[in-house]
Amino acid sequence: MTQIGILHSLSGTMSLSETPLIKAAQMAVDEINQAGGVLGKPLEAVVADGASDPNIFARQAIKLTQKGINTIFGCWTSSCRKAVQPVVEETNSILWYPIQYEGLEQSPNIFYFGCTLNQQIEPAVNWSIDHLGESIFLIGSDYVFPRVANRLIRSLANHIGGKVIGETYVPLEGKDFDASLEMIRQSRPDVVFSTINGDSNIAFYREMKQQGMSSRKFPIMAFSVAETEIADVAEDAAGHYACWSYFQSLSTTENNRFIKAFQAYNGGPVEISDPIVTAYSQIHIWARVANAIGSTEPKLIRQAAVRKDFESPLGQLTINSNQHITRWARIGKIQPNGQFNIIWESDNPIEPLPWLGLDSFDLPSIDLIKATLAELPNAIDIAAKMKQEVSARKAIEKQLKLAVQELETLSFYDTLTGVANRRLFNQLLLREWRRSCREQQLISLIMLDIDFYKQYNDHYGHLQGDICLKQVAQALRNVSKRPGDLFARYGGEEFALLLPDTSKEQAIRLAKKCCSVVSDLQLEHNQSLVSEYVTVSAGVSTSVPTDGWLRPNDLIIDADKALYTAKELGRNQAVPYELPQQG
């Protein structure tokens, strides 16, 4: 049995785009086996999940090669391809890569079957400026391909009379587009160029429609959106555009055969995209070459595949000496049913120029220039990752700050009643005492106690007792409206109202109001000896703090004494603290 590796994302943000490629690869394997296999042996696809994470892609590639698998089909994002590249180079394996990418790379251990920038981005820029307008807004997922592609778009647009008027990026798994859409709305571009990847596209098109940003006013030209990504938001995305080599609506004998076979393989109608067909075609091409030369040895495969033509649902494919593919360029307009109406295609297949045409110049320093250019995507990738790390750290810091605030709230507020607790009361009392001492201002305190609360609790039960405490606390907290005042639960059924810059007379009025608002609640209390309803008693103390003579605790002691007097006098009343008579 001959084994090949299929390395794509079965989980994570890219699984929406990559999972169908696995199905296409498995169909190709089954067809090859029905035709006799590879070198007379059955072909087996070993599937590995890259989980939308470059580090996991690299680890999975290592595991595949350790099993003796030297041919891997897979990867989607450039970050994942770059993570796998050193693995296949060190093990002398081959990676067959099916997705369009930014170029500026040429590994002898990778076949690049997706479009290069001149096969997708360049035709789309030219067509868009001619048919949609000159002003362009760029939006993309924050990783290598979008950032490099957008640099080329800027250059091409400037060269042919266009202008980029805005640019923004979202995390690869991002779903929040409010800020980005506001930037687009304010810029009012003729066309929006999108390199958003994965399931973020669903949120993007849906939000565009919900915010009334129609395809007529804000047309999108997309480079990473195909039938698979559009399926769930076809009506929202209708009227926008995309540029690929292939659309499911392509009417050729080979494509019609493939569509019929793929839908039968999947058990019914299914969306088919350029990457799906590319992933399928790659495996058939590899098998043809291996059977033709009688070997699956990567080095021999590389030598035999170059400059060969192959028929596929994509049309005729030619593998160039740079291990990139000659491909058509086509522009499709999204229809409400999720299909693309092909409205333009290139006159001929376009030669791949991963080095932006530098290969055509016979320069003595061409290798140095290539090596320098090759570092550009790496530098952009590193910068993007650093930015993502900074954003992640800021997000963590924000979460920590919220957690600290929540802990402070829990530590300063009573969990039962929701009012300030004794800890906060003590802190603010000390602060206000010191301030009153400096400014020689009055400070007052009201201590309150629910009358016969133990009897209430014993008779009505602890659950009802807690409800009573909550209702009393909520009524009392609204007595004073001044920002500087503090109402707190002092302990048990006892409460405190701290009143900075408040005279004795003002404090007594507020204390009486406290008694009346609780009585007005008319909470039944048939165990009370003073009323048929719940009541409170209040003690008031007022002082002008003096250094060395009085302490904050003295204010509490005096208010407590007054509260005790109120209880002795029959409860349900407010009593001020009076200095003992000298005699």
| query | Pick from F73, Y97, W96: which one makes a ring pair (Phe, Tyr, Trp, His ring centres under 6.0 Å) with F113? | reply | W96

| K175 and E207 ion-paired at < 4.0 Å | no

| task | To the nearest 0.5 angstrom, please state how far the CD atom of Q323 sits from the CZ atom of R302. | result | 6.5 Å

| request: Mind jotting down which residue pairs meet the side-chain hydrogen bond (donor to acceptor under 3.5 Å, both in side chains) criterion with at least one end in residues 232-241? Sequence neighbours excluded, please. | output: none

| query | Going by the angle between their ring planes, with limits at 30° and 60°, are Y101 and Y112 parallel, tilted or perpendicular? | reply | parallel

| query | Is there a donor-acceptor contact under 3.5 Å linking the side chains of Q211 and R185? | reply | yes

| task | Determine whether the side chains of S78 and E102 contain a donor N or O and an acceptor N or O closer than 3.5 Å. | result | yes

| said: Check for me whether R330 meets the cation-pi criterion with Y246, that is, NZ or CZ under 6.0 Å from the six-membered ring centre and within 45 degrees of the ring axis. | reply: no

| said: Less than 3.5 Å apart, any donor N or O on the side chain of T326 or N320 sitting next to an acceptor on the other? | reply: yes

| Qualifying residues under side chain to side chain contact (heavy atoms under 4.5 Å, CB included), relative to S11, sequence neighbours excluded | D49, A51

| Under a 4.0 Å N-O cut-off, is there an ion pair linking D53 with R59? | no

| Check: S79/T77 side-chain N/O donor and acceptor closer than 3.5 Å | no

| message | Is a donor from one side chain sitting under 3.5 angstrom from an acceptor on the other, for Q100 and T116? | response | no

| said: Regarding N197 and W76, do their side chains bring together a donor and an acceptor under 3.5 Å, going by distance alone? | reply: yes

| field | Expected output: side-chain S52 to main-chain M14 donor-acceptor under 3.5 Å | value | yes

| Side chains of E227 and Q248: is there a donor and an acceptor less than 3.5 Å apart? | no

| Can you check whether L39's main-chain N or O pairs, donor with acceptor, with N291's side chain at less than 3.5 Å? | yes

| For the residue pair R216 and P219, what are the closest heavy atoms and their distance? | O-CD, 4.0 Å

| query | Do S251 and N255 get their side chains close enough for a donor-acceptor pair, meaning under 3.5 Å? | reply | no

| field | Residues T13 and E173: side-chain donor-acceptor under 3.5 angstrom | value | no

| task | State, to 0.1 Å, how close G198 and S17 come at their nearest heavy-atom pair, and which atoms those are. | result | CA-OG, 3.9 Å

| said: Can you confirm whether or not the ring centre of F193 sits under 6.0 Å from the ring centre of F223? | reply: yes

